2 protein chains.
Amino acid sequence: MTRTPTAGKAGRRRDPEKDAQILQATLDVLAETDYADVTIELVAARAGAGRHTIYRRWEGKDELILAAIACTDSADLGPDGLPDTGTLRSDFLALLDPNWMGGSERRLRILSSVSAMITRTPRAVDAVTKAIVDPSTAAYRFLIQRAVDRGEYAPPHNLDALAQVIPSMAAYRAFFMQQVVDEEFMLAIIDGVVLAALREPSAANR
Amino acid sequence: MTRTPTAGKAGRRRDPEKDAQILQATLDVLAETDYADVTIELVAARAGAGRHTIYRRWEGKDELILAAIACTDSADLGPDGLPDTGTLRSDFLALLDPNWMGGSERRLRILSSVSAMITRTPRAVDAVTKAIVDPSTAAYRFLIQRAVDRGEYAPPHNLDALAQVIPSMAAYRAFFMQQVVDEEFMLAIIDGVVLAALREPSAANR
DNA sequence: CTAATACGGCACTAGTCAGTGCCGCAATCG
DNA sequence: CGATTGCGGCACTGACTAGTGCCGTATTAG
């Protein structure tokens, strides 16, 4: 990830804080503007660093951005960070709360910016997949599976496909339609698509 | 759309062919590379035109691209251009045929490239919405509604939401996952999501 | 102390690209 | 015919930016 400092002994030590500050600044800029408009100058200024401090740690612009993507915080998408309200429907709605939605919206913006990079750098696909796409899908898959396990719904025909519905449609709406992913929209997807595709469990499954 | 030529009388006439050639070339380049990599030079070369010929007709790069988006051919998404195979499921699958998929895939690529422009130019949202997003949704809405009308399924809880499922998920897969929208994937969405969310009609609806 | 490294700031190079001006030629009107 | 406009090609300007070198300063090992 970070360029290895030479193993010499003397000299001032690299500030580990700077690594995080630079990566955070990169994500900030990435979330605010487009990939093409992300300049090292901007990132450096945002991080309160010199450009050299960046180039000393990463090979170039692409490496920096890939590293930043890789450190996107998706902890809120782990099983322990997800809501557990008792019903799948309110679990989904809980993801709209600022706690989670702050992360989601940020992830969406970053995803949008990086999409431009994806067409050029195949490695960006892996980075985005690991850091954003997979965790999102996994989160929804987890919520649905848990609801199935507790007998709320019957096992779906295709869990993976269902788990991708909400992230896909939210991303589509946020990017291409530039409309807010608000409660009204989420309810339309939740009730009109995801829950509609799930069936009540048969007696045998209870 | 096109810059108005001065209403003078004498002089050589503008070649109407060139307008179309330039717009097509713009769409070609847009479908092949990213928005940031679309240079006027490239478009001009592709269209066999000089850069002046472009600047004479459009204010600048953005105007050109907006005009190109607006003239994206979505005729295949009108009711008359859509497949009518008898069942909703095979209608969906028929959209994968090269006839339609050529257009769909091209639209997806263009959509992807323009997404970078969207964050900058709000007008791009309207252009993309009118030329690509709305026609796609309308096409799927039409197919579903027709199936409902013929008694294949009961009226869905939320037709608009259902109509956006396939375009959204196909776009998400194509952009962010950079994976092919092939038959396997389409079947997963169709059977696992869309048709799963539709119910058999009750006797009263037949 | 000295040597070595990190840091921020500045200046510089090199490359790219939007947009414009000019040239020569073609077409069209009067 | 001459005036006017369209066209392709070329050269040019101006702006921006990735990446590098240099300077003065700060930090750390020996």
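Keep in mind the model is a prediction, meaning the values are calculated, not measured. First the proteins, then the strands, lettered A, B, ... as listed; each starts at 1.
The stretch residues 38-48 of chain B touches DNA chain D through Gly48(B), each having a heavy atom under 4.0 angstrom from the strand.
Rounded to whole angstrom, the span from the OH atom of Tyr35(A) across to the C1' atom of dT17(D) amounts to 12 Å. One interatomic measurement links the two molecules: CZ of Arg57(A) to C1' of dT5(C), which rounds to 12 Å at whole-angstrom precision. Counting to the nearest Å, the P atom of dT20(D) and the NZ atom of Lys61(A) are 15 Å from each other. Per the geometry, CG belonging to Leu64(A) stands 10 Å off P belonging to dA18(D), to the nearest Å. For the pair Arg56(A) CZ and dG9(C) P, the computed distance is 13 Å after rounding to whole Å. Computed from coordinates, the Tyr55(B) OH to dC17(C) P distance equals 12 Å when rounded to whole Å. Per the geometry, CD1 belonging to Ile22(A) stands 8 Å off P belonging to dC7(C), to the nearest Å. Between the CZ atom of Arg12(A) and the C1' atom of dT5(C) there is a distance of 9 Å, given to the nearest Å.
Of the charged side-chain nitrogens involved, none lies within less than 4.0 Å of a carboxylate oxygen, so that Arg120(A) and Asp62(A) do not count as a salt-bridged pair.
Comparing dG8(C), dC7(D), dA3(C) by their closest approach to the side chain of Ala10(A) singles out dA3(C).
Residue His52(B) and nucleotide dT20(C) are classified as a stacked aromatic pair, their ring centres being separated by less than 5.5 Å at an interplanar angle below 30°.
A cation-pi geometry, defined here as NZ or CZ lying under 6.0 Å from the six-membered ring centre and within 45° of its normal, does not hold between Arg199(B) and Tyr153(B). The side-chain tip of Lys61(B) points at the ring of Tyr35(B) from less than 6.0 angstrom away and within 45° of straight on.
Phosphate proximity of dT28(D) to Arg13(A): absent, as no side-chain N or O sits under 4.0 Å from OP1 or OP2.
Looking at Thr26(A), its side chain never comes within 3.5 Å of a backbone N or O of Ile65(A) through a donor-acceptor pair. Thr137(A) places no side-chain N or O within 3.5 Å of a backbone atom of Gln164(A) that could act as its donor or acceptor partner.
Heavy atoms of other residues, nucleotides or ligands lying less than 6.0 angstrom from CZ of Arg109(B) number 12 at most.
For Arg51(A) against dG8(C), no side-chain N or O and base N or O form a donor-acceptor pair under 3.5 Å.
A donor-acceptor contact closer than 3.5 angstrom links the side chains of Ser90(B) and Thr87(B).
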